[in-house]
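Below: the structure, in structure tokens.
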Amino acid sequence: MKRFSWRLGYYLDCFLEGDQWWGILRLICAVATILCVAIVGRSLEPVDATEWANFWQDFIPQMKSIPTGLLALMLSFFKAKALRHWIMPVSAIAFAIAAGTLYVQDIFEFKSFRLAFRYVFASMFGLWYPSLTIRNGQKVGAPDKPNTLDKIGGPGYLDIKLGNAVLLERGAGPTQVLGGGRFFARRFESIREIVNLREMHRKKDVEATTRDGIEMTFRDVEAAFRIDTGKQQDRTNVIPYPFSVQAVRVAVYDRSVGKEGGPGDWADAVMGAIGGEIRKWVATQHLDRMTAPPDEDPRNAIRKILFGGEFRKKLKHMGAELVWVNIGHLDTPPKVDEQRIDNWQSFWQSQEVVTDAHGEALRIDYEQLGRSEGQAEMLLAISRVLNSLGRTALLNEQIADLMLLRMGQVLEAMTAQPGLSEEKQYSSDARST
């Protein structure tokens, strides 16, 4: 009995809320109900339609093959006395459809009664379903002709072109994620989000602060990414625009609040994560490491981090997969550039002063060396002259004094301070003389 009651309840729910063939079944039941009421009402009172039968047999000779009694019975349902039995069931169904149509038109603010009637009729009887095309991440249709699939939801057909994925909701939760193809949206299933499966390209400037507190900017940072494809594809079974159902759900629901109060753009959120990773790495580096790297280009270091396992996992939690990235150009503030130029200028100026001082010292050293060598040669010449005179030679007293004076000048020059010019030395010699 439990199994029977469960099946009975299941088929009853399908009969009341089912679509497609269940709607056609409801239409058959409605027509059958009208016929049954008309037949029962006709059978309860006599209606003579023999005259009508004779008239149609005379008017259409082919109808003479039908027995007069049977033809009279068929035509009796359309006599005024029998038509009143059609009024009640037809009016009830028409009233239900009209009331539902007016309610839908009022609640969704449709200007067209025909549009609301089409939705109610399709929901009740499974015929005349609307269709909506999804292309390039957008709903395709005339703006002046609203579509009930867009405004209300199912039932209806979704024609999803390649490169798009559609997340459907029913009530408060998702029901299914659809890729390319033609699908049927059940009653009350609405389009929550259309996801573009193609590669998305974004460009932005990333401002960061180095470890030594210098603000810098990476200009024209570019990145291409897409919805996470999930498992790797087999080369023998390549699916165009693959995607992970979980990635689509994450991309739709796990989004931050945007500036206008609604959900933010998913692509901007992914680009923001890339910029945050760049800022995080720059915060651990000094400015000199960024502008004059000793070993590896900082762009390559950042690129390795963005394609590394940790950041890939972070993007996977956002439902994204990074395809390529370009770090762009590195700019520093003008004041920093001016300060670096001043430091460079002062460094080379100090190097120039040191070089000049070293040259001046060498010049003085060489001058002193030459003077010393000249004085030594003079002393040797005097000594040779004295030796040539012999021990017994008689020297003039003035010549001896002159020689002693000259030897004193030589000894004084040998002990003079470095850098003392010869003019000053000669002037001092003249004063002493």
Side-chain angles (χ1 to χ4, degrees), residues 10-31 93 96-98 100-198 227 239-249 251-253:
Y10 170 76
Y11 287 122
L12 182 60
D13 291 338
C14 291
F15 179 77
L16 295 176
E17 298 184 2
D19 298 307
Q20 294 179 307
W21 291 107
W22 288 103
I24 296 176
L25 180 60
R26 288 193 294 271
L27 178 61
I28 295 174
C29 291
V31 175
I93 295 176
I97 294 176
T101 301
L102 292 175
Y103 174 78
V104 171
Q105 184 181 11
D106 178 66
I107 200 70
F108 293 103
E109 299 180 352
F110 287 151
K111 297 180 180 180
S112 172
F113 180 84
R114 178 177 175 275
L115 188 65
F117 172 77
R118 180 175 179 177
Y119 174 78
V120 173
F121 189 84
S123 300
M124 290 183 63
F125 302 126
L127 298 174
W128 205 15
Y129 283 125
S131 179
L132 182 64
T133 301
I134 307 296
R135 183 184 292 114
N136 297 328
Q138 301 292 331
K139 302 169 185 176
V140 180
D144 56 340
K145 296 181 179 180
N147 195 306
T148 56
L149 273 175
D150 183 20
K151 299 295 183 179
I152 304 175
Y157 287 96
L158 292 174
D159 186 11
I160 305 174
K161 303 301 181 181
L162 288 176
N164 299 276
V166 177
L167 175 64
L168 298 180
E169 281 184 341
R170 190 179 187 187
T175 56
Q176 55 183 334
V177 177
L178 305 176
R182 184 175 175 84
F183 303 93
F184 181 79
R186 296 182 300 165
R187 188 185 304 185
F188 306 125
E189 273 190 327
S190 60
I191 299 175
R192 175 62 175 83
E193 192 79 19
I194 300 174
V195 179
N196 191 350
L197 301 179
R198 295 179 174 85
I227 291 292
I239 302 175
Y241 301 106
F243 66 93
S244 169
V245 174
Q246 182 62 26
V248 173
R249 293 186 177 183
V252 173
Y253 291 110

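With sequence neighbours excluded, the residues forming a side chain to side chain contact (heavy atoms under 4.5 Å, CB included) with F15 are W22, L25, R26, C29, listed by chain and number. Under the side chain to side chain contact (heavy atoms under 4.5 Å, CB included) criterion, S244 pairs with Q246, A247, sequence neighbours left out. For Y241, the side chain to side chain contact (heavy atoms under 4.5 Å, CB included) partners two or more places apart in sequence, or in a different chain, are L162, L197, R198. Among residues two or more places apart in sequence or in another chain, the ring-ring contact (aromatic ring centres under 6.0 Å, His included) test is passed with F243 by none. E193 is linked by a side chain to side chain contact (heavy atoms under 4.5 Å, CB included) to V195, V252, R255, counting only residues two or more places apart in sequence or in another chain. Listed by chain and residue number, nothing satisfies the salt bridge (Lys or Arg N to Asp or Glu O under 4.0 Å) test with R249 (two or more places apart in sequence, or in another chain). In this structure R186 satisfies the salt bridge (Lys or Arg N to Asp or Glu O under 4.0 Å) test together with E189, sequence neighbours excluded. Judged as a side-chain hydrogen bond (donor to acceptor under 3.5 Å, both in side chains), and not counting sequence neighbours, the contacts of D159 are K161.
With a 6.0 Å radius and a threshold of 12 heavy atoms from other residues, nucleotides or ligands, Y103 has its OH atom at or below the threshold.
Minimum heavy-atom separation, I227 to N196: CG1-O, 4.1 Å. Minimum interatomic distance between L168 and A185 (heavy atoms only, all atoms of both residues): CD1-CB, 4.4 Å. Across all their heavy atoms, F117 and T101 have their closest contact at N-CG2, 3.3 Å.
Note that OH of Y119 is 12.0 Å distant from CG of N147, once rounded to the nearest 0.5 Å. Separating the CG atom in L158 from the CD1 atom in I194 is a distance of 8.5 Å, to the nearest 0.5 Å.
Taking 4.5 Å as the limit, every side-chain heavy atom of D106 sits out of range of all side-chain heavy atoms of L102. Using a 4.5 Å heavy-atom threshold, the side chains of I152 and F110 count as touching.
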Show which side-chain atoms of residues 126-141 pair as donor or acceptor with protein atoms under 3.5 Å away, not counting sequence neighbours.
unit_1	atom_1	unit_2	atom_2	d
Y129	OH	Q20	N	2.8
K139	NZ	D150	OD1	2.5

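Without hydrogens or angle criteria, R187 side chain to S123 main chain gives a donor-acceptor distance under 3.5 Å.
A salt bridge (charged side-chain N to carboxylate O under 4.0 Å, His left out) check over residues 109-133, counting only residues at least two apart or in different chains, returns nothing. Listed by first then second residue, pairs satisfying salt bridge (charged side-chain N to carboxylate O under 4.0 Å, His left out) with a partner in residues 169-181 read E169-R192, not counting sequence neighbours.
Between F125 and F121, the ring planes are perpendicular. Angles over 60° get that label, and only those under 30° would be called parallel.
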Exercise. Stepwise, does the side-chain contact (heavy atoms from CB on, under 4.5 Å) test hold for Y253 with L167?
Worked result: CA-CA 10 Å; Y253 291 110; L167 175 64; 3.5 Å; yes
